[in-house]
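Structure record follows, encoded as structure tokens.
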Amino acid sequence: MPEDDTDARRELLRAVKALPGLPGVYRYLDAGGKVLYVGKAKDLKKRVSSYFRKTAQSPRIRMMVERIARLETTVTRSEAEALILENNLIKSLRPRYNILFRDDKSYPYLKITGQDYPRMVYYRGAIDRKSQYFGPFPGAWAVRESIEILQKVFHLRTCEDSVFANRTRPCLLHQIKRCSAPCVSLINQADYQRDVENAARFLRGEQSDILKELETRMQAYADQLEFEEAAATRNQIAALSQVLHQQSMEAGRDTDVDIVAVVVRGGRACVNLAMVRGGRHLGDRAVFPANLQDALQDEEAAAETQVLGAFLAQHYMDKPIPRTLILNIEFDEPALIKALMEQCGHGIHLVFQPQGLRRQWLEMAQKGAEMALERALHQEGAGLQRVQALAEQIGLDIENPDDLRIEAFDISHTQGESTQASCVVFHHHAMQNSEYRRYNISDITPGDDYAAMRQVLTRRYEKFVGSETRMPDVVLIDGGKGQVEMARQVFAELGHDISLIVGVAKGEGRKVGLETLVFADGRPPQALGKDSAALMLVAQIRDEAHRFAITGMRARRDRKRQASRLEEMEGIGAKRRQRLLARFGSVRGVAAASVEDLMSVEGISRKLAEQIYKQLH
């Protein structure tokens with residue numbers, strides 16, 4: 001071992017000996033300053049010292065310890081506070097030796113806005129206090145199903161505020177008995193607010209109470225000979241009864257429950273989360289942790305227990321948590337549960353051996369986790385084969401095929417109009433949709449694909465210069481020698497490795513299977529052959545880049561053309577155009593407006609309104 005390394009190791013061990021016996025968080029860093037692992041401890045000195053003892057350790061932990069060059073610690077007031085800080089750091093730093101769950105902020109909510117006439121809306125994002133939020137839901141379909149139920153039973157509006165403010169007659173939803181048409185005052189505000197409150201109570205699981213109140217109200221209307229109101233209430237009762245009958249997974253006294261099933265097999269893990277909200281089973285969602293093979297630190301604890309602990313901490317630290325969690329394995333982590341209770345402000349009851357309906361839920365969640373993991377392992381096996389075939393084909397030296405990162409680029413336009421470039425990312429044997437990017441291309445000669453490629457590659461990779469951010473292993477260019485040469489020039493100017501660039505040249509007649517790989521570093525082109533596993537991976541990534549580019553280009557082109565339609569209309573100047581867009585929100589909103597709606601805008605006469613309507617239809 002070099003003398004410098006020996007000195008650094010001595011300094012590290014001195015730092016370990018100087019640690020206090022207090023709760024806190026520790027971070028291990030390698031020689032390049034990259035965080036390897038983040039952990040929490042009730043006693044920092046005792047916990048960190050255990051990693052540096054010369055007792056038998058697993059190869060995994062020994063490999064990590066050998067890479068540690070520096071130690072950072074943060075002292076906290078309690079173990080619970082340390083746990084919160086630990087998981088915040090894991091989410092932001094994403095260390096290699098921690099079990100990582102994707103920071104999924106995409107769980108949707110059903111939102112009821114806080115207006116005079118509230119609307120229901122599918123919602124993702126930050127929560128405020130002005131509106132009511134229900135969820136989270138396992139997926140978009142669960143939110144939309146709930147909205148459809150509330151439309152059938154309580155007839156709440158879902159229309160945009162700009163549409164609501166400018167209606168002059170009821171819309172189709174009112175005609176099919178899905179909306180009570182508050183936009184044209186077919187229901188007064190007090191009655192509408194009562195329906196809103198009942199909808200909220202329904203989502204909170206008070207369906208039976210609502211049904212009894214509706215029956216009482218219907219009888220009161222009938223006694224007062226108000227037969228029209230009695231009939232409307234009867235229809236509401238019928239709709240609600242039908243919904244409750246169809247809800248075969250009704251939970252009875254269980255209003256909000258989460259069911260968590262963990263399955264570990266074949267070096268992979270799956271956590272299946274099923275949600276019960278307001279007494280309704282909303283479905284489930286399977287998630288797969290990353291870094292599992294590197295990250296299992298506790299040699300005495302079962303892998304399932306470590307995965308479950310990581311999931312509970314990372315998932316619930318910044319999300320609502322129900323009072324009851326049903327788990328498929330025994331779990332005894334009082335510090336974690338205490339931290340979660342402090343975070344949410346109420347008690348949490350863990351159930352390991354449920355009975356009755358709860359047992360059915362857990363069995364369903366367990367089966368769902370097993371099936372999802374089986375599918376993932378099958379797909380991963382096929383994906384691994386393709387990655388290995390591509391690495392062998394292009395002579396790529398990569399230690400772990402799991403780490404292969406490919407970024408692919410494509411250019412799309414319509415005869416030079418609305419040029420847009422796409423960048424898609426393949427990593428961990430899958431397309432990483434959240435990392436996709438689109439680039440609007442400007443200041444080039446229309447139709448000059450070479451200039452467009454130069455611009456997007458420069459914008460993408462100039463930020464990597466002087467940065468510790470890791471470059472991809474392969475930069476895939478949809479194009480032949482010309483596009484590859486343009487990419488080579490950009491990389492040469494930026495000082496990046498030109499051997500990363502691989503072009504995909506289409507074969508004669510653009511037939512699939514005749515593609516050729518073109519390299520920027522002087523290697524001869526390679527024909528893949530239609531039976532090549534490498535071709536299947538290259539074609540998948542290239543086609544995804546093309547799809548992402550063309551959909552973005554079409555959307556940009558359509559927005560531009562729609563906006564220009566107003567600009568080109570005779571009699572529509574900047575002020576009138578601005579008033580129209582302010583009133584209706586967009587050109588599409590203007591097109592959806594009637595002649596009478598258009599006339600309500602200042603400066604729009606009947607003749608001009610008819611002209612606008614005619615030209616937009």
Side-chain angles (χ1 to χ4, degrees), residues 405-426 431-467 469 471-472 474-507 510 515-522 525 538-539 541-568 574 577 586-587:
R405 182 182 179 89
I406 301 175
E407 296 188 357
F409 295 84
D410 191 22
I411 307 295
S412 185
H413 56 79
T414 302
Q415 297 181 340
E417 179 188 358
S418 302
T419 302
Q420 192 164 78
S422 69
C423 171
V424 301
V425 177
F426 176 88
M431 303 306 301
Q432 303 296 325
N433 304 59
S434 62
E435 298 185 49
Y436 289 9
R437 295 293 181 270
R438 289 191 179 105
Y439 297 84
N440 292 329
I441 304 300
S442 57
D443 302 323
I444 66 168
T445 302
D448 188 347
D449 288 355
Y450 292 158
M453 185 62 73
R454 167 179 280 277
Q455 186 175 132
V456 66
L457 292 176
T458 301
R459 289 166 60 183
R460 176 72 174 177
Y461 294 116
E462 63 184 356
K463 62 186 178 184
F464 285 69
V465 178
S467 167
T469 306
M471 288 285 287
V474 177
V475 175
L476 202 63
I477 306 296
D478 186 20
K481 293 180 180 179
Q483 290 284 32
V484 168
E485 172 58 21
M486 185 57 66
R488 188 198 66 78
Q489 293 176 19
V490 172
F491 271 44
E493 292 168 5
L494 297 176
H496 295 317
D497 183 0
I498 63 171
S499 68
L500 304 180
I501 302 167
V502 179
V504 186
K506 298 177 179 65
R510 305 172 70 90
E515 289 88 348
T516 301
L517 299 184
V518 181
F519 302 95
D521 58 1
V538 168
I541 299 170
R542 178 202 59 194
D543 292 346
E544 179 66 356
H546 182 65
R547 180 202 65 80
F548 193 59
I550 202 167
T551 52
M553 179 275 297
R554 286 173 177 167
R556 184 186 179 201
R557 180 196 63 195
D558 292 345
R559 288 194 300 269
K560 186 176 178 181
R561 288 181 178 179
Q562 285 279 22
S564 66
R565 291 175 73 184
L566 275 183
E567 294 173 1
E568 293 167 0
R577 184 167 62 249
S586 65
V587 177

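Since this is a predicted model, take the numbers as computed values, not measurements.
For the atom pair CG of Leu494 and OG1 of Thr458, the computed distance is 6.0 Å after rounding to the nearest 0.5 Å. Note that CG of Asp449 and CE of Met486 are 10.5 Å apart. Values are rounded to the nearest 0.5 Å. With rounding to the nearest 0.5 Å, the separation of CD in Gln432 from CD in Glu407 is 11.0 Å. Put simply, OG on Ser442 and CD on Gln455 are 5.0 Å apart, with the number rounded to the nearest 0.5 Å. In this structure, Ile541 CD1 and Leu476 CG are separated by 6.0 Å, a value rounded to the nearest 0.5 Å. To the nearest 0.5 angstrom, Ile550 atom CD1 is 11.0 Å from Gln420 atom CD.
By the ring pair (Phe, Tyr, Trp, His ring centres under 6.0 Å) test, Phe491 pairs with Tyr461, His496, sequence neighbours left out. Under the side chain to side chain contact (heavy atoms under 4.5 Å, CB included) criterion, Ala487 pairs with Leu457, Ile477, Ile501, not counting sequence neighbours. By the side chain to side chain contact (heavy atoms under 4.5 Å, CB included) test, Ala451 is found to be paired with Ile444, Asp448, residues two or more places apart in sequence or in another chain being considered.
In this structure, the side chains of Glu544 and Phe426 stay at 4.5 Å or more apart for every pair of heavy atoms. Taking the side chain as every heavy atom from C-beta outward, Val538 and Glu515 never approach each other to under 4.5 Å. Between Met453 and Phe409 the shortest side-chain heavy-atom distance falls below 4.5 Å. Looking at heavy atoms from C-beta onward, Arg459 lies out of side-chain contact with Arg437 at the 4.5 angstrom threshold.
When every heavy atom of Ala520 is checked against every heavy atom of Arg488, the shortest pair comes out as O-CD, 3.5 Å. For Asp521 against Ser499, the heavy-atom pair with the smallest separation is OD2-CB, 3.4 Å. Heavy atoms only, all atoms of each residue included: Ala421 and Ile411 are closest at CB-CD1, 3.6 Å. Considering all non-hydrogen atoms of both residues, Pro525 and Thr516 come closest at CB-CG2, 3.6 Å.
One N or O on the side chain of Ser422 and one on the backbone of Ala545 form a donor-acceptor pair closer than 3.5 Å.
Only one option out of His546, Lys506, Gln483 pairs with Asp478 in a side-chain hydrogen bond (donor to acceptor under 3.5 Å, both in side chains); it is Lys506.
The existence of a salt bridge linking Asp410 and Arg547 is excluded, since no basic side-chain nitrogen approaches an acidic carboxylate oxygen closer than 4.0 Å.
Side-chain contact annotation: Glu485 with Gln489, donor-acceptor N/O pair under 3.5 Å present. Side-chain contact, Thr551 with Arg438: a donor N or O sits under 3.5 Å from an acceptor N or O.
A 6.0 Å sphere centred on OH of Tyr436 holds more than 12 heavy atoms belonging to other residues, nucleotides or ligands.
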